[in-house]
**Student:** 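Input: one structure, supplied below.
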Amino acid sequence: MVQRVALLTNFIPPYRLPLYKAIADRVENFQVFISTEMEPNRQWQPNWEDLNVTVQNNITLKRTWQHPHGFAEDLYVHIPYDTIWTLGQYQPDVVISGELGLRSVQAAVYRKLTPQSKLILWATISEYSEQGRGKFREKLRQMLVPQAEAILVNGKSGGRYIHQFGISPQQIFAAPYTTDISPFLAVPLSRTEPNAYRLLYVGQLVERKGIAPFLSALARWGGANPERRVEFWIVGEGPLRDTLEKMLMPSNVAVKFLGSVAYADLPEIYRQGGVFVFPTLADEWGVVVNEAMAAGLPVLGSLYSQAVEELVVDGVTGWTFRPDRQDELLAALDRVFSTPPDSLERIRVKDREQIQYLTPEFVADRVLEAINYVSQKHRP
């Protein structure tokens with residue numbers, strides 16, 4: 001067990017809670033400081049169980065993110081303005097600050113004011129998710145990142161992004177997104193038709209997730225293959241729902257909107273799906289890929305998701321494509337629907353084997369490695 005650790009983050013989504021609890025099991029005193037109980041565009045109810053959580057005094061600003069891949073998305077920027085005072089009250093040995101914005105700037109100031117403390121930045125980013133962020137953020141990160149003794153990243157793409165700021169590989173620790181996959185591992189692997197080929201999406205209905213371009217491609221594929229009946233279930237809510245529901249589809253393609261589903265009920269949804277669809281235009285990870293693979297669903301996924309890049313082996317555990325290349329997506333759909341049922345069964349087994357290691361305990365151990373590193377090393 002080690003020291004006092006403070007984690008600064010926006011809020012606690014349900015899939016993140018098991019990881020934070022696993023970290024709390026590994027340190028002597030672990031306190032989470034959040035900017036808001038929950039963001040207004042999320043359907044989840046705040047739930048921290050027995051985790052030590054403090055809600056900071058915070059100002060929230062709304063800005064629009066214009067991405068080179070052609071989508072726009074409203075983002076919430078949280079400025080917990082009492083961070084330095086709050087950390088001074090708690091007096092942590094190690095501060096782990098999520099995001100690379102003004103919250104982390106304050107954490108770096110606290111690090112300067114208390115030289116005995118150490119700073120770890122948790123950069124939940126990818127090269128694609130950082131495009132179109134603006135010059136101010138780039139300059140801010142050039143100043144901020146070298147102030148940390150260690151950086152936590154989701155995967156290789158995040159590591160490549162951070163390395164450009166002069167951070168040595170020894171300071172970068174991979175801590176992929178994870179969740180408690182045991183309920184998804186309990187889902188039976190076998191599927192019968194039509195479930196075996198039923199497409200499933202779980203997530204927000206926003207432009208960034210690429211659902212509209214995917215539906216356009218699916219309509220085109222369905223029109224070119226009228227003998228094949230296709231079902232596509234969509235779970236989630238968002239501002240695009242009305243637009244998506246009005247999209248014209250050929251008669252052999254049935255799209256069903258299930259709306260918002262409680263997180264605890266998702267394993268049952270995955271049980272009824274056959275192939276998981278993740279056509280995102282930019283995602284720092286995509287924990288739904290973890291869930292789908294644990295439930296035995298082959299993933300038809302975008303390479304602009306770091307989870308797909310890290311976890312999905314094309315033709316082995318799923319099929320990959322670039323969502324801004326419709327020819328690649330159409331070819332991937334061809335491969336999905338031409339895969340024999342027995343081959344799909346083998347892919348399901350591979351999916352589950354591939355993801356079983358990625359538990360909250362595994363990632364918490366990677367976080368602990370970073371904590372031990374900064375605790376035992378002098379400032380680089």
Side-chain angles (χ1 to χ4, degrees), residues 1-10 12-13 15-33 92-101 103-105 107-108 110-111 117-130 141-142 144-179 181 283-287 289-290 305-307 309-311 355-380:
M1 303 289 283
V2 297
Q3 53 211 316
R4 297 168 69 84
V5 177
L7 171 65
L8 311 176
T9 190
N10 286 332
I12 302 177
Y15 60 80
R16 217 60 172 151
L17 181 61
L19 171 59
Y20 295 160
K21 292 174 68 175
I23 296 172
D25 290 339
R26 286 159 172 75
V27 299
E28 188 174 329
N29 195 316
F30 182 61
Q31 182 77 28
V32 182
F33 299 92
D93 301 296
V94 176
V95 178
I96 305 174
S97 184
E99 314 297 329
L100 299 176
R103 171 194 299 108
S104 294
V105 170
Y110 173 80
R111 166 72 182 85
S117 66
K118 303 296 180 182
L119 175 62
I120 299 172
L121 294 177
W122 201 331
T124 51
I125 57 177
S126 75
E127 292 158 301
Y128 297 111
S129 70
E130 291 310 296
R141 290 169 180 193
Q142 289 174 352
L144 175 62
V145 172
Q147 305 303 313
E149 281 83 11
I151 312 286
L152 293 165
V153 297
N154 294 344
K156 296 175 183 176
S157 180
R160 291 191 296 266
Y161 177 84
I162 288 297
H163 186 66
Q164 68 179 308
F165 298 110
I167 301 299
S168 71
Q170 292 77 18
Q171 293 173 265
I172 300 175
F173 295 82
Y177 267 55
T178 183
T179 189
I181 58 174
D283 240 285
E284 62 197 32
W285 187 258
V287 76
V289 174
N290 303 48
S305 152
Q306 196 167 194
E309 181 186 14
E310 294 274 322
L311 301 176
I355 200 65
Q356 286 199 47
Y357 80 96
L358 194 46
T359 63
E361 292 73 24
F362 173 86
V363 178
D365 286 340
R366 307 290 81 75
V367 175
L368 188 61
E369 286 179 6
I371 293 171
N372 289 335
Y373 173 83
V374 301
S375 301
Q376 297 165 9
K377 299 285 185 180
H378 293 293
R379 186 174 176 80

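As the structure is a prediction and not an experimental result, all values here were calculated from the model.
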**Student:** Does the Gln306 side chain pair with the main chain of Ser157, one donor and one acceptor, at a distance under 3.5 Å?
**Tutor:** yes
**Student:** Not counting sequence neighbours, which residues clear side-chain hydrogen bond (donor to acceptor under 3.5 Å, both in side chains) with Asn154? List them please.
**Tutor:** none
**Student:** By salt bridge (Lys or Arg N to Asp or Glu O under 4.0 Å), which residues pair with Glu369, not counting sequence neighbours?
**Tutor:** Arg366
**Student:** For Phe173, what residues pass the ring-ring contact (aromatic ring centres under 6.0 Å, His included) criterion, not counting sequence neighbours?
**Tutor:** Tyr373
**Student:** Identify the heavy atoms of Val289 and Ala307 that sit nearest to each other, and give their distance.
**Tutor:** CB-CB, 3.9 Å
**Student:** Would you say the side chain of Ile12 lies within less than 4.5 Å of the side chain of Tyr20, judging by non-hydrogen atoms?
**Tutor:** yes
**Student:** In chain order, what residues pass the side-chain hydrogen bond (donor to acceptor under 3.5 Å, both in side chains) check against Thr178, with sequence neighbours excluded?
**Tutor:** none
**Student:** Identify the heavy atoms of Ile167 and Pro146 that sit nearest to each other, and give their distance.
**Tutor:** CD1-CA, 4.0 Å
**Student:** Could you state the interatomic distance from CG (Asp93) to NZ (Lys118), rounded to the nearest 0.5 Å?
**Tutor:** 10.5 Å
**Student:** Go through the structure and list residues passing ring-ring contact (aromatic ring centres under 6.0 Å, His included) with Tyr128, not counting sequence neighbours.
**Tutor:** Tyr304
**Student:** Indicate yes or no: at least one non-hydrogen side-chain atom of Thr359 is less than 4.5 angstrom from one of Tyr357.
**Tutor:** no
**Student:** Sequence neighbours excluded, which residues qualify as side-chain hydrogen bond (donor to acceptor under 3.5 Å, both in side chains) partners of Ser97?
**Tutor:** Ser104
**Student:** For Phe165, enumerate each residue passing the ring-ring contact (aromatic ring centres under 6.0 Å, His included) test, keeping only those at least two apart in sequence or located in another chain.
**Tutor:** Tyr161
**Student:** Yes or no on side chain to side chain contact (heavy atoms under 4.5 Å, CB included) for Phe30 and Asp25, after CA distance, side-chain angles and deciding distance?
**Tutor:** CA-CA 9 Å; Phe30 182 61; Asp25 290 339; over 6 Å; no
**Student:** Using 0.5 Å steps for rounding, measure from the OG1 atom of Thr179 to the OH atom of Tyr15.
**Tutor:** 9.0 Å
**Student:** Please report the shortest heavy-atom distance between Asp283 and Ser129, naming the atom on each side.
**Tutor:** C-CB, 4.3 Å
**Student:** Could you check whether any side-chain N or O of Glu310 sits under 3.5 Å from a backbone N or O of Lys156, counting only pairs where one atom can act as donor and the other as acceptor?
**Tutor:** yes
**Student:** List in chain and number order the residues that pass salt bridge (Lys or Arg N to Asp or Glu O under 4.0 Å) with Glu127, two or more places apart in sequence or in another chain; answer none if no residue qualifies.
**Tutor:** Arg160
**Student:** Would you indicate whether the side-chain heavy atoms of Val374 and Gln171 approach each other to under 4.5 Å?
**Tutor:** no
**Student:** Which residues satisfy the side chain to side chain contact (heavy atoms under 4.5 Å, CB included) test with Ser117, sequence neighbours excluded?
**Tutor:** Tyr110, Arg111, Thr114
**Student:** Hey, what do you get for CG (Leu100) to CG (Leu121), rounding to the nearest 0.5 Å?
**Tutor:** 6.0 Å
**Student:** Partners of Ala108 by side chain to side chain contact (heavy atoms under 4.5 Å, CB included), sequence neighbours excluded?
**Tutor:** Leu119, Leu144, Gln147
**Student:** The test is side chain to side chain contact (heavy atoms under 4.5 Å, CB included); show your working for Leu8 and Ile96 and say whether it passes.
**Tutor:** CA-CA 6 Å; Leu8 311 176; Ile96 305 174; over 6 Å; no
**Student:** Who are the side-chain hydrogen bond (donor to acceptor under 3.5 Å, both in side chains) partners of Glu284, not counting sequence neighbours?
**Tutor:** Tyr177
**Student:** Does Pro176 have any side chain to side chain contact (heavy atoms under 4.5 Å, CB included) partners at least two apart in sequence or in another chain, and if so, which?
**Tutor:** Trp285, Leu358, Val363
**Student:** Do Ile371 and Val27 pass the side chain to side chain contact (heavy atoms under 4.5 Å, CB included) test, and can you show the C-alpha distance, the side-chain angles, and the key distance before you say yes or no?
**Tutor:** CA-CA 9 Å; Ile371 293 171; Val27 299; 4.2 Å; yes
**Student:** Give the intermediate values and the outcome of side chain to side chain contact (heavy atoms under 4.5 Å, CB included) for residues Val94 and Arg4.
**Tutor:** CA-CA 7 Å; Val94 176; Arg4 297 168 69 84; over 6 Å; no
**Student:** With rounding to the nearest 0.5 angstrom, report the CD1 to CD1 distance, Ile151 to Ile120.
**Tutor:** 9.0 Å
**Student:** For the NE2 atom of His163 and the CD1 atom of Ile172, what is their distance to the nearest 0.5 Å?
**Tutor:** 7.0 Å
**Student:** Are any non-hydrogen side-chain atoms of Glu99 and Asn10 less than 4.5 angstrom apart?
**Tutor:** yes
**Student:** Could you tell me whether the side chain of Arg16 reaches within less than 4.5 Å of the side chain of Val287, counting heavy atoms only?
**Tutor:** no
**Student:** Hey, could you give me the CD1/CG distance between Ile355 and Asn290, rounded to the nearest 0.5 Å?
**Tutor:** 4.5 Å
